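From a predicted model like this one, the values you see are computed outputs, not experimental measurements.
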Number of protein chains: 2
Amino acid sequence: MSVPVGRSPVMADVARLAGVSHQTVSRVLNGHPNVRAETQARVQSAIEELGYRRNSSARALVTRRTGVIGVVAFDTTHYGPAQTLSGIEHAARADGYFLSVVTLQTVTREAVSEAMDYLAQQSVEGYIVIAPKRAVVEGLADQPAERPVVAVEGGEAPDLPVVCVDQFGGGYLATRHLLDLGHRTVHHIAGPGDWLEAEGRIAGWRRALEEAGAPVPDPLHGDWRPRSGYRIGAQLAEEREATAVFVANDQMALGALRALGEAGVRVPDHVSVIGFDDIPESEFFTPPLTTVAQDFSEVGRRGIGLLIDLLEDATDTAPTTPARSVVPARLVTRVSTAPACA
Amino acid sequence: MSVPVGRSPVMADVARLAGVSHQTVSRVLNGHPNVRAETQARVQSAIEELGYRRNSSARALVTRRTGVIGVVAFDTTHYGPAQTLSGIEHAARADGYFLSVVTLQTVTREAVSEAMDYLAQQSVEGYIVIAPKRAVVEGLADQPAERPVVAVEGGEAPDLPVVCVDQFGGGYLATRHLLDLGHRTVHHIAGPGDWLEAEGRIAGWRRALEEAGAPVPDPLHGDWRPRSGYRIGAQLAEEREATAVFVANDQMALGALRALGEAGVRVPDHVSVIGFDDIPESEFFTPPLTTVAQDFSEVGRRGIGLLIDLLEDATDTAPTTPARSVVPARLVTRVSTAPACA
DNA sequence: CTGAAAGCGCTTACAG
DNA sequence: CTGAAAGCGCTTACAG
């Protein structure tokens, strides 16, 4: 054995065993064409015999590429962000990149820039930031940004490449569905005002209403959690005005469904309810929830695709307008929506 | 400016600006004590002026430490794993480590060892593997394992340090709760047979039943998803035998609740149902679900703690028995369980 | 097709 | 308290 015990083998060990120089080993490892087939085979078997593995730090030091993408996500009892993260990871790995992840508890501009700073210590090549709030996106645009950044779920970010689901289209779709069912108007339990997804869904809802010449009630803001949907649902039940409610996510819809049920309001007989997200549970709500599905995996894929383009594009000509990719939303019809009572 | 445009500053640039050698800069950066306060201040301000950031690859090359922990998680529409990952991340960052994450679609021995291989390319210092199936844990023990590995959710792993929630205790708690309510016995909708969590919960359930001298029905296996709970719930409703059902997770409990409701079986009047996980939705199920909560953040924290101990322990004396840390489960009483009808 | 030389940007002994 | 020297393990021109 030419490798001392207790030390992992280095390129020179492989070279010695194969009877070549370490440059030749490097060539083989990097798929360089100018290596004789026989030499290549000898090197390969030396690599396997030794269980050699290239030192990534040494390689990164000279190539100036770490192959690491930094991801800023946030702490989630929510379905969407978790799915998005997973989509990002799969896409990154398929392209041979590594993912270094920081998850945030609070979604503030400061927390995000702190997270990016932390990741910078690890020499990430670029960032994917899940940026669901306006302040975060704006903070992102302010960053010195020596590395490319792609915002995911970032609404219409000012100066950043963005991938997001078509929240506006989803809100429009949901509302249109209810109007088509003959409802005079549609009430809206919205997300918190500073979330871009909430904004987009509100805008789509409003547009559909306006197009139809329907009255536009004030949106009622929850905090995404079931409890807030419950509270607002109870209020709606008491007012006895709404016949159709578009809820900005399935968790709040669950709460609303429960409040309605407790108040003796039957869904969909008395009131139609539609959600947003299509979480795995919503099919088994009481009643099974009509909702709007988002393709989170696709969002992840496109986000990584965009970032890698930025990373690998030789054409370093700064694009006049940053790329922007919008994934369509899709209506999932179940039984919580029905025609308006005549 | 002593730094050419277009190149990020290196230690030598800082040294030049501060009028010292680059070793002194290194000392300041590493908090080495023997640096004159005045020198240190000069170096610090040079660092800030230049916006200098240490090259992590160069550093890792010589220290042989990357500060990166590899995490193998799996694709999750499930609540628990996502929370666990988040707990791991926070704990790691608090200790100054980075997390490189691979998420798996399929939980097989091969997929896990492939993922670990992928992470090895990045020179991770150790691994945290979320290993919820027996085959995975066993595969882990077989690994060459040049780096420390901690299994999370790994039941009673043969030869690995493990952190997990007390599934047995949780199953026992749930069953005991139902027996204490006067039920003659408790039926069990279990998870898939090859999942360690499912096994642990079954064992706890069985023990509670046996201790009470209650009959032990066959456990009915679902696949964790709502639909399987629905199917089994419908079957139970038809048989009209069960008065109390312990369901191995909240998602299946949701399905069961729905099937029971459709069959006209009232919960908890006719049948009591208890779940496991305490997902955010379960409080708003119909009816709100009594369940068993797991502290996923604590699992993540302990997992990282264990791994870092392994990484940093100077006392390299191989412990005779690998560490094992069990996080208790906790009963959350809501309204889906009630005393047995007399 | 292959090897000798230089260098990436740090840290670690070793002097002083 | 501080600096000159060596070296971590690779890749990249440069020769041949």
Trainee: Just how far, in rounded Å, is P of C:dC1 from CZ of A:Arg42?
Mentor: 14 Å

Trainee: Check whether any side-chain N or O of B:Thr24 sits under 4.0 Å from OP1 or OP2 of D:dT2, and answer yes or no.
Mentor: no

Trainee: Which part of the nucleic acid does A:Ser56 contact within heavy-atom distance under 4.0 Å: base, sugar-phosphate only, or nothing?
Mentor: nothing

Trainee: For a quick check, with a 4.0 angstrom heavy-atom cut-off, what is the B/S/- contact string for nucleotides 10-16 of chain D, read 5' to 3'?
Mentor: BBBB---

Trainee: Of all residues at least two apart in sequence or in a different chain, which pass the salt bridge (Lys or Arg N to Asp or Glu O under 4.0 Å) check with B:Arg59?
Mentor: none

Trainee: Run the salt bridge (charged side-chain N to carboxylate O under 4.0 Å, His left out) check on A:Asp194 and A:Arg134 step by step: do they pass?
Mentor: CA-CA 6 Å; A:Asp194 50 350; A:Arg134 181 167 294 285; over 6 Å; no

Trainee: Mind checking which stems touch DNA chain D? I mean at least 3 consecutive Watson-Crick or G-U pairs, both distances under 3.5 Å.
Mentor: C:1-3 with D:14-16, C:5-12 with D:5-12, C:14-16 with D:1-3

Trainee: Regarding B:Thr39, tell me which of base, sugar-phosphate or nothing describes its non-hydrogen contacts under 4.0 Å with the strands shown.
Mentor: sugar-phosphate

Trainee: Please list, chain by chain and in numerical order, all residues satisfying side chain to side chain contact (heavy atoms under 4.5 Å, CB included) with A:Gln44, sequence neighbours excluded.
Mentor: A:Val28, A:Ile47, A:Glu48

Trainee: Applying side-chain hydrogen bond (donor to acceptor under 3.5 Å, both in side chains), name anything that partners A:Gln40, two or more places apart in sequence or on another chain.
Mentor: none

Trainee: In terms of the angle between their ring planes, are A:Trp195 and A:Phe74 parallel, tilted or perpendicular, with boundaries placed at 30° and 60°?
Mentor: perpendicular

Trainee: Test of understanding: with side chain to side chain contact (heavy atoms under 4.5 Å, CB included), list the residues that count as partners of B:Ala135, not counting sequence neighbours.
Mentor: none

Trainee: Would you mind telling me which of B:Thr84, B:Ile304, B:Val101, B:Leu99 makes a side-chain contact (heavy atoms from CB on, under 4.5 Å) with B:Glu89?
Mentor: B:Leu99

Trainee: Check B:Val68, B:Leu311, B:Leu307 against B:Tyr97 for a side-chain contact (heavy atoms from CB on, under 4.5 Å) and give me the one that passes.
Mentor: B:Leu311

Trainee: In whole Å, I'd like the distance from the CG atom of B:Leu61 to the C1' atom of D:dG7.
Mentor: 9 Å

Trainee: Atom CZ of A:Arg36 to atom C1' of C:dT2: distance rounded to whole Å?
Mentor: 9 Å

Trainee: On DNA chain D, compare the nucleotides closest to B:Arg64 and B:Val35; which residue's is nearer the 5' end?
Mentor: B:Val35

